[in-house]
Amino acid sequence: MKTLFSRILLAQVVAVVLALLVVTVITRASLTHGFRTFLERQEATVLQNVVPTLTELYEARGGWAFLRDNPAAWQRIWRSSIGPGGGPPQNAGPRSGRARGHDGPNGDGATDTDPRLRWLRAPDRRLLRDRLFLLDAERARVAGARVAVEEVQGVALEALELNGEIVGWIGFEPMGTVLPPEAAGFLGRQLRVTGLALGLGLLVAAALAWWLARTVSRPVQRLGRTVTRLSEGDYAARAGHHGRDEIGTLGARVDRLAATLEQNRTARRRWIADIAHELRTPVAVLKGEIEAVTDGVRKADGAMLASLAEEINHLASLVDDLQALALADAGALNVVTEPLRLAALAEQVAESFRTRLADRGIALELRLAGDVAVNADPQRLRQLLHNLLENSVRYVEDDGRVRLTLSGGKGALLVLEDSGPGVDDAQLSRLFDRFYRVESSRSRATGGAGLGLAICRNIVEAHGGSIAAGRSELGGLALRIELPE
């Protein structure tokens, strides 16, 4: 029972077997109770049919002496009341309230039988006859079954009345716990038919349980194989089961997980390749410059030292950016917030870029609301603004425009717009991906490593804000940053 298939199958079969057992017990008890109720109604009908005959005979004979110790007369009276074969007795005329004729040698009167008793079979009639007894007015036995006094006390008796006076009692011996043979036989046949039906029901239920267990277990097994392949590094594995039930939902989620893992693996490989590429360039320049000095090709003059310092600074900046991204991924990006007037900080950072922008003919416009205050880390926001403006310096065309707008509300809204070139709508959502740059060239002359905007997003999210890219009214890119209070 280690598999889901076997457990579901066993659970279904056990549930059906228990249900069939309950149905069998209830059916048997109901049939037995129904038979007893039916036989009791049968007895009441017989008593109602025999009472008039015995009353007429008592009146005609003047007492019960003719029946004492006379079983043959008692049987003739029974036959005359019930009729042979369950029908009315032969030569019996309409009932007139008294015996009309004498069938036997003793002149026992005979009356018509009750039509409700004509269907009784011979074994049922004999059983009823053997259990019927007659008592006198003092409840002493006259004829029929021999019953003890204590048994009579618990039996429903039918009174025999003549001229308003009770002359006797008639009743049936207690049935006990054993049903009559005919009733027991019929009940047995019904129980056998019920058992056969229950057995067929069990087979059908077992087949349905097998189908259900197979239907449920197969997609679960497929999911298990898919997860195993994913754990082994095969991210192309897919469950392929997307039904409307819970298993289908789980299968769709497993497939989404596999797609995410595959994307992350591709991104990780691309990221490693990009890091290697970005690190290789300054390292190669440094190596070449140092080898040139060592070989005496170049002199260690101020120009060469400045070139080395530039490459070292670039390498240090790249390492710092990678460290910031690693800290953000680990949730350890250090953010120490304090009340901050954002306009002064934004103006200070923007002014540090004005000269560089002016060298390329790019006009810098500031629209800063002075009353905007937020709780933020000034060092991280300075890094954020620096990366944004550095991005503008690198990508905005000469003689363009850059506009930085700060407005308040619930928090702070910071918008940096430029005059272009613009970015396609399909590329806007990817601007914040690591190492992504709009141009396909990897030339460091036209751009950085592609980490600036990725770091900006991490800084904004660390402050509980949001950053998005869109089209600018100036014709280029608009970066919209929202910071909470």
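In this chain, numbering begins with 1 at the start of the sequence shown. Side-chain atoms are counted along with the backbone in the values below, which use heavy atoms only and exclude waters and symmetry mates.
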Between Thr337 and Val335, is the side-chain contact (heavy atoms from CB on, under 4.5 Å) condition met? List the steps. CA-CA 6 Å; Thr337 62; Val335 175; 3.9 Å; yes
Between Leu416 and Arg480, is the side-chain contact (heavy atoms from CB on, under 4.5 Å) condition met? List the steps. CA-CA 7 Å; Leu416 179 65; Arg480 181 186 179 93; over 6 Å; no
Applying side-chain contact (heavy atoms from CB on, under 4.5 Å) to Ile459 and Ile455, what does each step give before you reach the verdict? CA-CA 6 Å; Ile459 293 174; Ile455 295 174; 3.9 Å; yes
Verify side-chain contact (heavy atoms from CB on, under 4.5 Å) between Asn264 and Tyr235, making sure each step is shown before the conclusion. CA-CA 10 Å; Asn264 290 341; Tyr235 298 141; over 6 Å; no
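Atom CD of residue Glu365 and atom CG of residue Leu474 lie 7.5 Å apart, to the nearest 0.5 angstrom. Taking CD1 of Ile362 as the reference point, atom CZ of Arg356 lies at 10.0 Å (rounded to 0.5 Å). Separating the OG atom in Ser392 from the CG atom in Leu357 is a distance of 7.5 Å, to the nearest 0.5 Å. Of the inter-residue distances, the one linking Leu406 atom CG with Leu385 atom CG reads 9.5 Å to the nearest 0.5 angstrom. Summarising the geometry, atom CG belonging to Asp377 is positioned 9.0 Å from atom CG belonging to Leu340; distances are rounded to the nearest 0.5 Å. A distance of 8.0 Å separates CG of Leu414 from OG1 of Thr405, quoted to the nearest 0.5 Å.
No side-chain heavy atom of Arg403 sits less than 4.5 Å from a side-chain heavy atom of Leu364. Within the 4.5 Å cutoff, the side chain of Pro421 has heavy atoms near those of the Glu397 side chain. Counting heavy atoms from C-beta on, the side chains of Leu384 and Leu388 come closer than 4.5 Å. Residues Phe432 and Leu479 have side chains in contact (heavy-atom distance under 4.5 Å, counting atoms from C-beta outward).
Scanning all heavy atoms of the two residues, the minimum distance from Leu223 to Ala239 falls at CD2-CB, 3.4 Å. Scanning both residues, Leu431 and Ala469, for their nearest heavy atoms gives CD1-CB, 3.8 Å. A pairwise comparison of heavy atoms in Leu132 and Gly171 identifies CD1-O, 3.3 Å as the closest pair. Considering every non-hydrogen atom in both Val372 and Ser407, the closest pair reads CG2-C, 3.7 Å. Between Ala350 and Leu366, the closest heavy-atom pair is CB-CD2, 3.7 Å. Of all heavy-atom pairs between Ser419 and Gly400, the closest is OG-CA, 3.2 Å.
Here the side chain of Arg382 pairs no donor or acceptor atom with the backbone of Gln348 at under 3.5 angstrom. With Asn391 contributing its side chain and Asn387 its backbone, the two residues share no donor-acceptor pair below 3.5 Å. In terms of modelled atom types and a separation under 3.5 Å, the side chain of Asp255 and the main chain of Arg238 share no donor-acceptor contact. A donor-acceptor pair under 3.5 Å is formed between the side chain of Asp418 and the backbone N or O of Leu477. Within the 3.5 Å criterion, the main-chain N or O of Ile290 finds a donor-acceptor partner in the side chain of Thr294.
A salt bridge between Glu417 and Arg367 is absent, with no side-chain N of the basic residue lying under 4.0 Å from a carboxylate O of the acidic one. With salt bridges taken as basic N to acidic carboxylate O contacts below 4.0 Å, none links Glu347 and Arg354.
Counting non-hydrogen atoms of neighbouring residues, nucleotides and ligands closer than 6.0 angstrom, the CZ atom of Arg360 exceeds 12 such neighbours. By the 6.0 Å contact criterion, CD on Glu338 is enclosed, its count of non-hydrogen atoms from other residues, nucleotides or ligands being greater than 12. Counting non-hydrogen atoms of other residues, nucleotides and ligands closer than 6.0 Å to CZ of Arg401 gives a total of 12 or fewer.
In summary, of the residues considered (Leu381, Leu413, Ile467), a side chain to side chain contact (heavy atoms under 4.5 Å, CB included) with Leu483 occurs for Leu381 alone.
Judged purely by distance below 3.5 Å, without hydrogens or angles, the side chains of Gln221 and Arg218 never pair a donor atom with an acceptor atom.
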